Amino acid sequence: MRIGAHLVDREVRLREFSLPLRSPLGTAKGEMTERRGLLVELRGELETGDEVRGVGEATPLPPWTEGYEECLATWVTLRDAANGTVSDGDENEVDIDGVPPAARHAMNLVGADASARYAKRPLAAWLADRTGDSGGSDAAAEVPVNATVGDGSVESTVEEAESAVVDGFDCLKLKAGARDLDADLDRCRAVREAVGDDVALRADANGAWSRDEAERAVDALAALDFEYVEQPLPADDHEGLAALRGRGVGIALDESVNGPNTWPDPVREFADVVVLKPMAQGGPTRTVSVARRLRAQGVTPVVTTTVDAVVARTAAVHAAAAIPNVPACGLATGDLLAEDLAADPVPVEDGRVRVPEGPGLAGDAFDRLVGDDSAGGGSAGGGSVGND
Ligand SMILES: O=C(O)CCC(=O)C1=CC=C[C@@H](O)[C@@H]1C(=O)O
Ligand SMILES: [Mg+2]
């Protein structure tokens with residue numbers, strides 16, 4: 001398959017980037033210190049002469065997605081095929097089913113942005129039109145978001161939580177599982193005491209607990225009126241996850257459904273909430289259709305980033321807005337980055353993000369982000385660097 005195959009004079013360009021985090025994000029899976037990814041731009045013309053333009057981003061994060069090198073190699077091949085620097089039938093031709101999730105996210109987004117811009121619709125409305133049950137449904141104008149509080153001492157956790165509340169957040173997600181359970185429960189208790197009863201709290205253990213620990217955690221978190229606990233057990237412990245339900249705190253799946261693992265089936269028997277990371281789901285379109293199917297089963301979808309750069313974060317906001325009545329989402333991750341690729345069209349204010357009016361992701365705001373393409377050796381020579 002070829003990106004933009006229906007376009008005349010198409011050109012795909014790539015830009016590699018690396019963005020440091022403001023301070024390391026402590027999780028049960030270790031510290032996140034930087035995000036490395038790819039921006040993709042597609043330009044071309046329809047046969048009518050109309051110009052078409054779209055931007056996408058792939059910011060991989062193992063184990064949720066493929067690693068950076070695989071993602072880059074996939075895109076170098078996709079770019080060279082689209083730009084005609086390799087011929088049809090060449091062994092570099094990419095099979096769509098083999099495109100890994102983060103690379104596929106960029107592929108989906110570049111097409112969705114281009115299509116929504118051509119239709120002069122915000123991406124959220126375009127997604128809602130395409131995935132709604134009855135030939136179109138409205139997208140929300142804003143999305144509620146949770147603050148993300150990394151692992152840390154009781155004091156630093158409380159400090160971060162209080163400062164998020166001062167900034168207007170009424171929902172906080174605390175990373176857990178990086179220290180022993182009693183220490184984590186002390187952090188959770190201290191935050192509840194500090195922020196009072198009106199702030200919704202969530203915890204995310206990234207699969208770190210044993211069944212015994214998870215049971216103990218769930219009971220303690222229920223007593224602290226936590227809304228849900230994300231991935232209390234390893235991704236494939238479906239039976240264990242199902243057994244934790246009904247104890248007074250919701251059970252949310254993340255790694256069980258984002259990444260190489262097989263979804264528990266039927267998911268409603270294993271989870272109250274499913275976290276959807278568009279970067280791991282292969283793009284915003286699939287994210288919104290999966291969310292609507294979850295809703296139909298009585299499972300609550302929540303959209304979060306994989307701590308992406310501004311293009312994918314903006315896309316995730318549009319995806320969340322296309323899901324009717326979406327609860328607070330994990331989209332307040334821009335501030336975790338020390339720098340970004342462009343001014344933020346989706347800043348958080350009072351715990352909410354206003355959805356950009358488009359067309360597409362944010363009009364022409366991202367049009368100058370991909371400059372000269374030198375990714376994987378550049379497209380000019382037709383090389384397929386990164387393919388081995
Ligand atoms: O959900 C949020 O509040 C923000 C995103 C977030 O927490 C994560 C993004 C990427 C990797 C993880 O450490 C973490 C998660 O597990 O959900
Ligand atoms: Mg998680």
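In each ligand, atom 1 is the first atom listed, and ligand 1 is the first ligand listed. These numbers were taken from a predicted model, which means no experiment stands behind them.
- Closest protein heavy atom to atom 17 (O) of ligand 1: K277 NZ, 2.7 Å.
- Those atoms of ligand 1 that come under 4.0 Å of a heavy atom in N146, given as number and element, are 3 (O).
- Transitive grouping of hydrophobic side chains (ILVMFWY, heavy atoms separated by less than 4.5 Å) keeps V317 and V110 in distinct clusters.
- Look at D367 and R117 and you find a salt bridge, because one of the NZ, NE, NH1 or NH2 atoms lies within 4.0 Å of a carboxylate O, short of that distance.
- Atom 14 (C) of ligand 1 has its closest protein heavy atom at K175 NZ, 3.3 Å.
- Of all atoms in ligand 1, numbered sequentially from 1 with element shown, those under 4.0 Å from a heavy atom of T27 are 13 (O).
- Numbered from 1 in the order shown, with element, the atoms of ligand 1 that lie under 4.0 Å from a heavy atom of D254 read 15 (C), 16 (O), 17 (O).
- With hydrogens left out, the protein atom closest to atom 16 (O) of ligand 1 is N206 ND2, 2.8 Å, a heavy atom.
- Ligand-side atoms of ligand 1 in range of G330: 1 (O), 2 (C), 3 (O), 4 (C), range being under 4.0 angstrom from any heavy atom.
- For D204, the N, O or S atom with the smallest separation from the Mg ion (ligand 2) is OD2.
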Report the C-alpha separation of E11 and R43 in whole Å, then their side-chain angles, then the decisive distance to 0.1 Å, and conclude whether the salt bridge (charged side-chain N to carboxylate O under 4.0 Å, His left out) test is met.
-> CA-CA 5 Å; E11 190 185 4; R43 292 191 210 187; 5.8 Å; no
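- Not a single donor-acceptor pair under 3.5 Å links the side chain of T333 to the backbone N or O of L336.
- Among the atoms of E230, an N, O or S atom is found under 2.8 Å from the Mg ion (ligand 2).
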Going through the distances and angles, do K175 and D204 end up as a salt bridge (charged side-chain N to carboxylate O under 4.0 Å, His left out)?
-> CA-CA 5 Å; K175 300 298 296 183; D204 182 0; 2.8 Å; yes
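- When only non-hydrogen protein atoms are considered, atom 7 (O) of ligand 1 lies nearest to K173 NZ, 2.9 Å.
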Determine, step by step, whether T287 and Q281 satisfy the side chain to side chain donor-acceptor pair (under 3.5 Å) criterion, reporting the C-alpha distance in whole Å, the side-chain angles of both residues, the deciding distance to 0.1 Å, and the verdict.
-> CA-CA 6 Å; T287 299; Q281 293 296 323; 5.7 Å; no
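- Applying the salt bridge (Lys or Arg N to Asp or Glu O under 4.0 Å) test between D340 and each of R22, R313, R35 identifies R313 as the sole match.
- Of all atoms in ligand 1, listed by their number and element, those nearer than 4.0 Å to a heavy atom of L61 are 10 (C), 11 (C).
- Atoms of ligand 1 found under 4.0 Å from any heavy atom of T305 (numbered from 1 in listed order, with element): 5 (C), 9 (C).
- Ligand 1 lies out of reach of K29, whose nearest heavy atom is not under 4.0 Å from it.
- Within D254, OD2 is the N, O or S atom that lies nearest to the Mg ion (ligand 2).
- On a distance-only criterion, T148 and ligand 1 share at least one N/O pair closer than 3.5 Å.
- Within the listing of ligand 1, atoms 4 (C) sit less than 4.0 angstrom from a heavy atom of T333.
- A cation-pi arrangement is not found for K120 relative to W126, the charged atom failing to lie both closer than 6.0 Å to the ring centre and inside a 45° cone about the ring normal.
- Using a 4.0 Å cut-off between a side-chain N of Lys or Arg and a carboxylate O of Asp or Glu, D364 and R53 do not qualify as a salt bridge.
- Salt bridge E230/K173: present, at least one basic N to carboxylate O contact under 4.0 Å.
- Considering backbone and side-chain atoms together, E255 places no N or O closer than 3.5 Å to any N or O of ligand 1.
- Looking at E255 and K29, a side-chain N of the basic residue comes within less than 4.0 Å of a carboxylate O on the acidic one, giving a salt bridge.
- Of the polar atoms of D204, at least one N or O is found under 3.5 Å from an N or O of ligand 1, judged by distance alone.
- Atom numbering of ligand 1 starts at 1 in the shown order; those under 4.0 Å from a heavy atom of T304 are 1 (O).
- Salt bridge status for R247 with E215: present, with a side-chain N to carboxylate O gap under 4.0 Å.
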